[in-house]
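Encoded as structure tokens, the structure appears first; notes follow it.
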2 protein chains.
Amino acid sequence: MLIGVSIKETKLKTAEMVKVLRKREKLSQEQLAMRLNLSRITIKNLEAGKNATLDTLFKVLQYFDLLQSFADLVDRETGQQDYDSIY
Amino acid sequence: MLIGVSIKETKLKTAEMVKVLRKREKLSQEQLAMRLNLSRITIKNLEAGKNATLDTLFKVLQYFDLLQSFADLVDRETGQQDYDSIY
DNA sequence: CGATTTTGAATATTATATTATTCATTTTTA
DNA sequence: TAAAAATGAATAATATAATATTCAAAATCG
């Protein structure tokens, strides 16, 4: 028997990912926020695992080249799969 | 040269996916909303490509057994990869 | 076809995500 | 180690996501 990840866990994982990817590119919360037209507080809350909007999540995914991966995951379910995506 | 998907496109893809998966299980918007402790309006807006919250998205992903896939995508970036996930 | 169910849409209200500002603490770096 | 930069956290204000209600149109079904 295998239990999947919870919503809270997923938010914390997402939070950790943002922090890791941001530090990997040596950006401060302020710098990342500016590039995404968000406030530093929004980035800080996202990295703290707080709830957020799809716009905020997708801006981050797009910046770190993960938006296409998410879109692929979505497409796989609807039968769109155009497969040859590089991202 | 390859341009990735846009944020608006991703929201529309997500919207379409929710509608497809919901109909696949022969659920009305109302029934799905009740199972996720959301209002029908929230489901309707999500299926219309409107902005939403992570909680709403994750509830839907969890219901359709896609939350673990998203978590895996996230883990891959942070170096957590415990790989053997079934979902 | 007629009846029922489902869906889209509008309004108004509530809950909360986003923001600006400020300050204390921590981390970085010179 | 001292100075500077970055972060966490609190408050208050604004924007907007979520909700309840209602109604018309569309889809589904007997």
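Every chain is numbered from 1, with letters handed out A, B, ... down the list of sequences.
When the P atom of C/dT6 is taken as reference, atom CG of B/L27 falls 10 Å away, rounded to whole Å. What separates CG of B/L32 from P of C/dT7 is a distance of 10 Å, to the nearest Å. In this structure, B/L54 places its CG atom 13 Å from C1' of C/dT16, rounding to the nearest Å. B/L38 places its CG atom 13 Å from the P atom of C/dT16, with the value rounded to the nearest Å.
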Intermediate values then yes/no, side-chain contact (heavy atoms from CB on, under 4.5 Å), B/L36 and B/T42: CA-CA 11 Å; B/L36 304 182; B/T42 299; over 6 Å; no

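Residues B/V5 and A/F58 have side chains not in contact (no heavy-atom distance under 4.5 Å, counting atoms from C-beta outward). Side-chain contact check for B/L2 versus A/Q68: every heavy-atom pair is 4.5 Å or farther apart. For the pair A/R24 and B/T78, the minimum side-chain heavy-atom distance is 4.5 Å or more. Residues A/T10 and B/L61 have side chains not in contact (no heavy-atom distance under 4.5 Å, counting atoms from C-beta outward). Within the 4.5 Å cutoff, side-chain heavy atoms of B/Q62 are placed close to those of A/I7. Counting heavy atoms from C-beta on, the side chains of B/M17 and B/K13 never come closer than 4.5 Å.
Cluster annotation: A/Y63 is connected to A/V18 through the hydrophobic network of ILVMFWY side chains, with a link wherever side-chain heavy atoms come within less than 4.5 Å. Side-chain heavy atoms closer than 4.5 Å link hydrophobic residues (I, L, V, M, F, W, Y) into clusters, and following such links, even through other members, never connects B/I43 to B/L12. There is a path of hydrophobic side-chain contacts, each under 4.5 Å, that joins A/F64 to B/F70.
Proximity of A/K26 to the phosphate of D/dA5: no side-chain N or O atom is located under 4.0 Å from OP1 or OP2. Side-chain N/O atoms of A/T42 include none lying less than 4.0 angstrom from OP1 or OP2 on C/dA17. The shortest distance between the side-chain N/O atoms of A/Q29 and the OP1/OP2 oxygens of D/dG8 is below 4.0 Å. Of the side-chain N and O atoms in B/T56, one or more sit less than 4.0 angstrom from OP1 or OP2 of D/dA18.
Side chain of B/R22 to main chain of B/L27: a donor-acceptor pair is present (N/O by atom type, distance under 3.5 Å, no hydrogens or angles).
Contact detail for A/K59 and A/N37: the closest heavy-atom pair is NZ-O, 3.6 Å.
Here B/T53 pairs with B/T56 under the side-chain hydrogen bond (donor to acceptor under 3.5 Å, both in side chains) rule; sequence neighbours left out. Legend: residues meeting side-chain hydrogen bond (donor to acceptor under 3.5 Å, both in side chains) with B/K11, ordered by chain and number and at least two apart, are A/D55.
Here B/N37 lies in heavy-atom contact (under 4.0 Å) with sugar-phosphate atoms only.
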Let me have a per-nucleotide readout for nucleotides 24-30 of chain D, 5' to 3', with B, S or -, counting only protein heavy atoms under 4.0 Å. -------

For nucleotides 21-25 of chain C, tabulate all protein N/O to nucleotide N/O atom pairs closer than 3.5 Å, reporting atom names and distance.
none

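Scanning residues 44-53 of chain A for heavy-atom distances under 4.0 Å to DNA chain C yields A/N51, A/A52, A/T53.
For the helix from C/dC1-D/dG30 to C/dA30-D/dT1, the end axes, each set by the C1' atoms of five terminal pairs, are bent relative to each other by 70° (nearest 10°).
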